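Let me begin by presenting the structure, written as structure tokens, before commenting on it.
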Amino acid sequence: HAGHVIVVGGGFGGATAAKYIKRGNPKIDVTLIEPNSTFYTCPFSNLVLAGERSLDSIGHSYEELKSVFGVNVIHAFAEDIDGVAHKVTLSNGSVLSYDRLLLSPGIDMRWNAIEGYDEAASEKAPHAWKAGNQTLLLRKQLEDMEDGGTFVMSVPADPFRCPPGPYERASLVAHYLKQHKPRSKVLILDSKDNFSKQGLFTSAWKDIYGDMIEWVGVSGDGRVVRVDADKREVETEFGTLHSASALNIIPPQKAGFIADRAGVTNESGWVPVNPNTFESQQVADIYVVGDATLAAPMPKSGFAANTQGKVAAAAIVASLAGITAPDPYWANTCYSLVNPDYGISVAGVYKVEDNQIITVPGSGGLSAADASLEIRQAEAAYAVGWYEAITQDTWG
Ligand code: FAD
């Protein structure tokens, strides 16, 4: 018996880890717990929102993990975890035992952190920060919008899933509006004063969309404190009311609730991990990867979750074999599309030094501010290549 590993969550981190544990040692039994039989990726969901891709084109199944890699996939929800007894309770009533547990549950929304924004309100003012039905709800609002209306987006303070994601979304929404409803506006109400790739986004917005996109930072009264989803109205910190034709509230976030149930979160709502292995600092034999973790300077991205899944998989394989885990390195690139033919990116390589994750000096960086249109077009093509490669690496 080489051991039994349970993986909770079949997204970027969990599906990668399940596959790479099997690749590392096929004799280890791996059980993946994931409620959905199709996973819709947030990456490229902004293209679905803009009408440039179908939802189907960003859906991925677990068939290859099962048939090619021998992962046992159970479509259920993990409801509770006993880290001392090494047991996971599922929504279908069964209780499973593990030697090692890996959690990659992603994020949960902090409902009511913004007054009036709870789960019911998210049906009327979608977050679309988990892809699938939420993406379609927001797409419908965009389609129903009148020419001359305003698409209002509320963006949280750090840390949150996908730092450049809101600004890519604003761009692709503007791309849609420019073609179909050219008198409309995109208003971004932000709870911070700086954002990812800000210089690149703002100069591209000006060039491509003129004054269609307006961004208001926290100092300019950008922090949304109250939402009326029925009226599609928001109120900011200093009492300004904004009404929206389409309303997208991206609320503050925390680790998926199962991390709480496992006792691995701290007071921040996120999970502190041992940087060498991504094992929880608080509960032995539980490894956590992806958005749920505190892994700065790595961002909460699908790419980062994928590389963290590989590092944790190697650490679990080593630990079950009674040997030391290899020294980890991680990489990340976040592409953003300002329109379908205009890409920008930020990249980094990371390692551990003095028990901290650091950016490898001289690695990574941003797309050049003065790059030619050919380079922007090439980066948009690289983004498509990246998507094909990472989804193949994760689920294929
Ligand atoms: P997820 O991928 O969300 O997976 C979590 C899984 O766990 C889900 O399938 C869920 O059903 C399951 N789960 C949760 N709780 C339980 C439970 N109790 N029991 C069983 N299963 C459970 N990243 C990039 O790298 N590049 C991009 O271009 C990019 N674009 C983005 C655009 C948008 C609009 C958004 C919102 C995000 C984007 N991201 C991008 C970020 C990326 O989606 C996340 O960082 C990534 O999904 C994190 O992976 P994860 O494994 O932590 O969580």
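Worth knowing before you read on, the calculation uses all heavy atoms, side chains too, and leaves out hydrogens, waters and symmetry mates. This structure is a prediction, so every number in the text was calculated from the model and none was measured.
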Donor-acceptor pair, side chain of Asp354 and main chain of Gln356, under 3.5 angstrom: no
Donor-acceptor side-chain pairing of Thr150 and Lys185 below 3.5 angstrom: no
Side chain to side chain donor-acceptor pair (under 3.5 Å) assessment of Glu79 paired with Ser91: CA-CA 6 Å; Glu79 282 185 342; Ser91 51; 4.9 Å; no
Any donor-acceptor pair under 3.5 Å from Glu168 side chain to Leu337 backbone: yes
Under 3.5 Å side-chain donor-acceptor pair for Asp285 and His86: yes
Closest approach of Val338 to Ala204 (non-hydrogen atoms, all atoms of both residues): CG1-CB, 3.8 Å
Evaluation steps, side chain to side chain contact (heavy atoms under 4.5 Å, CB included), between Thr31 and Ile74: CA-CA 7 Å; Thr31 305; Ile74 300 178; 3.7 Å; yes
Any donor-acceptor N or O pair under 3.5 Å, side chains His60, Thr38: no
Geometric class of the Tyr335/Trp386 ring pair [parallel <30°, tilted 30-60°, perpendicular >60°]: tilted
Candidate pair Asp230 and Lys124, rule side chain to side chain contact (heavy atoms under 4.5 Å, CB included), full reasoning: CA-CA 7 Å; Asp230 286 313; Lys124 294 169 182 163; 2.8 Å; yes
Test item: Lys22 side-chain N/O and Ile28 main-chain N/O as donor-acceptor pair under 3.5 Å: yes
Where at least one partner belongs to residues 295-312, residue pairs that pass side chain to side chain donor-acceptor pair (under 3.5 Å), sequence neighbours excluded: Thr16-Asn306, Ser301-Asn332, Asn306-Lys310, Asn306-Asp393, Asn306-Thr394, Lys310-Asp393
Qualifying side chain to side chain donor-acceptor pair (under 3.5 Å) pairs with a residue from residues 267-276, counting only residues at least two apart or across chains: Asn266-Ser268
From CA spacing to verdict: side chain to side chain donor-acceptor pair (under 3.5 Å), Thr236, His242: CA-CA 8 Å; Thr236 53; His242 297 274; 4.6 Å; no
Closest approach of Arg139 to Gly51 (non-hydrogen atoms, all atoms of both residues): NH1-N, 3.5 Å
Beyond-backbone contact of Ile107 with Trp129, side-chain heavy atoms, under 4.5 angstrom: yes
No-hydrogen, no-angle side-chain donor-acceptor test under 3.5 Å, Thr41 and Tyr387: yes
Test item: side-chain donor near acceptor, Tyr167 and Asp190, under 3.5 Å: yes
Test side chain to side chain donor-acceptor pair (under 3.5 Å) applied to Ser94 - qualifying residues, sequence neighbours left out: Asn92
Step-by-step ring-ring contact (aromatic ring centres under 6.0 Å, His included) determination, Trp395 to Phe12: CA-CA 8 Å; Trp395 293 277; Phe12 279 91; 5.0 Å; yes
Side-chain heavy-atom pair Ile286, Val288 within 4.5 angstrom cut-off: yes
Side chains of Glu143 and Tyr176 in contact at under 4.5 Å (non-hydrogen atoms): yes
Any donor-acceptor N or O pair under 3.5 Å, side chains Glu146, Ser245: yes
Asp144 CG: over 12 foreign heavy atoms closer than 6.0 Å: yes
Gly10 to Leu32 - nearest heavy-atom pair and separation: CA-CD1, 3.9 Å
Where Phe39 and Gly11 come nearest, the two heavy atoms and their spacing: CE1-CA, 3.5 Å
Joint hydrophobic cluster, Val384 plus Leu49, side-chain heavy atoms closer than 4.5 Å: no
Backbone N/O of Pro272 and side chain of Gln281: donor-acceptor pair under 3.5 Å: no
Chi angles and distances behind the side chain to side chain donor-acceptor pair (under 3.5 Å) call for Thr240, Glu235: CA-CA 6 Å; Thr240 314; Glu235 183 180 342; over 6 Å; no
Side-chain donor/acceptor of Lys197 to backbone N/O of Cys334, under 3.5 Å: yes
Separation of Asp147 CG from Arg183 CZ (nearest 0.5 Å): 4.5 Å
Sole residue of Val186, Leu138, Ile188 in side-chain contact (heavy atoms from CB on, under 4.5 Å) with Asn248: Leu138
Hydrophobic cluster identity match, Leu172 and Leu247, side-chain contacts under 4.5 Å: no
